[in-house]
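Have a look at the structure below, then the notes.
First the proteins, then the strands, lettered A, B, ... as listed; each starts at 1.
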Amino acid sequence: MRSTEIKPEMDGERVIIAGWVHEVRDLGGLVFIVIRDRDGFIQITLPKKTVNLEMFKKAKKISRESVIKVEGIVKREDKAPNGFEIIPDIFEILSESHSPLPLEVTEKVPADLETRLDNRFMDLRRPKVSSIFRIKSQISKSIRDFLSNRGFIEVHTPKIVSTATEGGTELFPISYFEREAFLNQSPQLYKQILMSAGLEKVFEIGPIFRAEEHNTTRHLNEATSVDIEMSFVDHEGVMEILEEMVKKVYGNVIEKCEKQLKTLEIELEVPKTPFKRITYTEAIKILENKIPWGEDLDLQALKTIGNEIGGFYFITEWPTKIKPFYVMPFEDDRICKSFDLMYGYIEIASGAQREHRYEKLLENIKRRNLYPESFEFYLKAFRYGIPPHAGWGLGLERLIMAMLGLSNIREAMLFPRDRTRLVP
RNA sequence: GCCCGGGUGGUGUAGUCCGGCCCAACAUGUGGGCCUGUCGAGCCCACGCCCCGGGUUCAAAUCCCGGCCCGGGCGCCA
């Protein structure tokens with residue numbers, strides 16, 4: 001049974017419980033062992049007088065974090081945590097833990113993130129840490145449910161690719177038999193091809209790889225991207241889906257992850273939709289023109305804007321020049337139908353209505369000094385009938401970071417990959 | 001990649017400025033002992049550490065140079 005399935009009302013019942021030895025409190029003639037499982041803690045109590053002596057000695061010697069299985073009787077006891085304890089008659093050691101431990105699961109002594117990540121298997125035994133990933137699981141599930149209910153088809157595009165999405169970011173080269181290939185930075189090109197294929201609404205939750213040598217608390221070299229692409233809509237249409245999805249995800253987490261939120265001491269509120277929208281030009285005004293129109297907003301700028309607005313908001317109508325070749329410009333082609341979803345100063349998602357006119361797209365690629373030949377597999381899909389379409393990509397770990405107020409994005413990844421970390 | 005700060009028992013810190021008083025301190029842990037109501041149990045005893053490589057000096061955890069790594073800030077970044 002799980003720790004949470006046992007109640008004081010089960011007084012006298014025989015139960016089997018298994019888990020990790022969280023703590024041993026040896027009082028001499030009375031030994032308390034706190035067993036931890038996925039859901040919580042349970043105390044087993046061994047009074048020397050009443051339990052088998054051999055078992056008593058074995059239990060007394062058990063090392064912390066060993067995995068044990070205990071069979072015994074539930075005893076209602078006001079002096080015990082949660083109002084009950086288990087008096088064992090069978091005590092089995094499934095796996096003995098070595099010592100000393102690489103870090104303290106009990107949180108009596110803090111550990112650096114570095115130490116924690118080096119020993120992630122043990123770090124994840126801490127309820128606070130595992131709660132993050134229980135919530136992440138719920139978020140993925142909510143996103144799948146939400147998009148599926150809206151008629152989106154889940155797809156899986158290749159992660160080994162021949163070319164960059166837009167030439168900006170650095171790619172990880174890999175050896176692909178006799179050729180060079182790369183790890184994909186984004187499913188962008190493929191999900192657009194699927195619009196030509198007539199799938200109409202697609203989504204993908206998958207890994208993306210960036211070979212940037214950045215070293216910050218909000219960048220990873222391997223992250224999870226939630227991507228959608230949708231035909232016959234403009235940027236406004238997919239912005240609405242995005243904000244409703246975020247709202248739904250918050251609602252689901254509040255409803256289904258009550259325990260995890262409590263463990264993390266976080267009180268969540270469902271954000272109100274529609275989210276605030278400011279244009280790039282308005283953003284520049286907030287900055288009192290410290291950034292010249294046409295330049296990208298740097299971190300300091302985003303912090304100023306984030307402080308000003310707060311919570312979730314969109315920045316829309318970006319200068320065409322600083323956005324990728326596949327975005328659709330307005331009639332005034334200095335600005336484009338592109339948007340970023342922000343939370344404070346963190347960019348959570350970005351999207352746009354796409355340029356679906358073949359000639360314009362080709363022109364954009366050339367103008368950015370990219371090679372149309374390497375995009376031929378993509379461009380081809382635009383020559384035989386492709387609907388107008390729009391989409392976005394959302395950084396799953398960024399969303400979690402925003403939701404749970406994590407100070408480092410690595411906290412939102414089980415086994416993060418960064419500039420120096422490749423193991424575990 | 002740049003700037004600043006840092007690397008001390010398994011873990012987290014003090015000591016470094018101003019070299020010797022440090023065969024390095026505290027907490028937690030580990031081993032042992034006492035203890036029948038713990039819930040960060042308590043008490044007693046013991047164990048365990050100066051990132052790597054050079055240099056300065058009678059003497060280096062401490063100063064200098066290089067490397068690796070970490071933290072903060074930034075840059076780069078659909």
Winner on side-chain proximity to L27(A), out of rU38(B), rG75(B), rG72(B), is rU38(B)
- Cation-pi check, K276(A) onto Y313(A) ring (under 6.0 Å, within 45° of axis): no
Practice prompt. Would you please classify the geometry between the Y280(A) ring and the W318(A) ring as parallel, tilted or perpendicular, with 30° and 60° separating the classes?
Written response: tilted
Testing rU30(B), rC76(B), rG40(B) for proximity to the side chain of S99(A), the answer is rU30(B)
Problem set entry | salt_bridge(K159(A), E204(A)) N-O dist < 4.0 Å | yes
Winner on side-chain proximity to H219(A), out of rG37(B), rG12(B), rC77(B), is rC77(B)
With a 4.0 Å cut-off on N to O distance, would you call R354(A) and E229(A) a salt bridge?
yes
Under a plain distance cut-off of 3.5 Å, with no hydrogens placed, do T224(A) and E397(A) share a side-chain donor-acceptor pair? yes
_Atom C1', compared across rC23(B) and rG32(B): separation rounded to whole Å_ = 25 Å
Counting only side-chain N and O atoms of K60(A), is one of them less than 4.0 Å from OP1 or OP2 of rG31(B)?
-> no
Base, sugar-phosphate or nothing for P81(A)? Non-hydrogen atoms, less than 4.0 Å. base
Could you tell me whether the phosphate oxygens of rC70(B), OP1 or OP2, come under 4.0 Å of any side-chain nitrogen or oxygen in R419(A)?
no
**Asked** OP1 or OP2 of rU11(B) sitting under 4.0 Å from any side-chain N/O of K108(A)?
**Response** no
Give a yes/no on whether any side-chain N or O of S225(A) is located under 4.0 angstrom from OP1 or OP2 of rA78(B).
no
Check: So does Q43(A) get a side-chain nitrogen or oxygen closer than 4.0 Å to the phosphate oxygens (OP1/OP2) of rU38(B)?
Finding: no
Of the listed rA78(B), rG12(B), rU30(B), the closest approach to the S350(A) side chain comes from rA78(B)
Query raised in the report: Distance check: side-chain N/O of K303(A) vs OP1/OP2 of rC74(B), anything under 4.0 Å?
Result: yes
Any T216(A) side-chain nitrogen or oxygen under 4.0 Å from OP1 or OP2 of rC74(B): no
Margin query: Between rG15(B) and rG20(B), how many Å separate the two C1' atoms, rounded to a whole number?
Written below: 15 Å
Report task. Determine the Euclidean distance between corresponding C1' atoms of rG73(B) and rC52(B); express it in Å to zero decimal places. Result -> 27 Å
Separation of rC70(B) atom C1' from R410(A) atom CZ, nearest Å, is 10 Å
Any N/O donor-acceptor pair, E104(A) side-chain to rG10(B) base, under 3.5 Å
yes
By the Watson-Crick or G-U definition, both distances under 3.5 Å, rA25(B) is matched with rU13(B)
task: With heavy atoms under 4.0 Å as the rule, sort A80(A) into base, sugar-phosphate or nothing.
output: base
In whole angstroms, the gap separating P of rG72(B) from CD of Q300(A) amounts to 16 Å
| query | Which class fits the ring pair F325(A) and F375(A): parallel under 30°, tilted 30 to 60°, perpendicular over 60°? | reply | perpendicular
To the nearest angstrom, the CG-C1' distance between N215(A) and rG75(B) comes to 11 Å
Check: So does E85(A) reach the base of rG37(B) with its side chain, donor to acceptor, closer than 3.5 Å?
Finding: yes
Side-chain contact check for E212(A): nearest option of rC76(B), rC74(B), rG72(B) is rC76(B)
Among the nucleotides rA78(B), rG10(B), rG12(B), whichever has the atom closest to the side chain of P100(A) is rG10(B)
With the side chain defined as heavy atoms from C-beta on, F32(A) is closest, among rC77(B), rA78(B), rG37(B), to rG37(B)
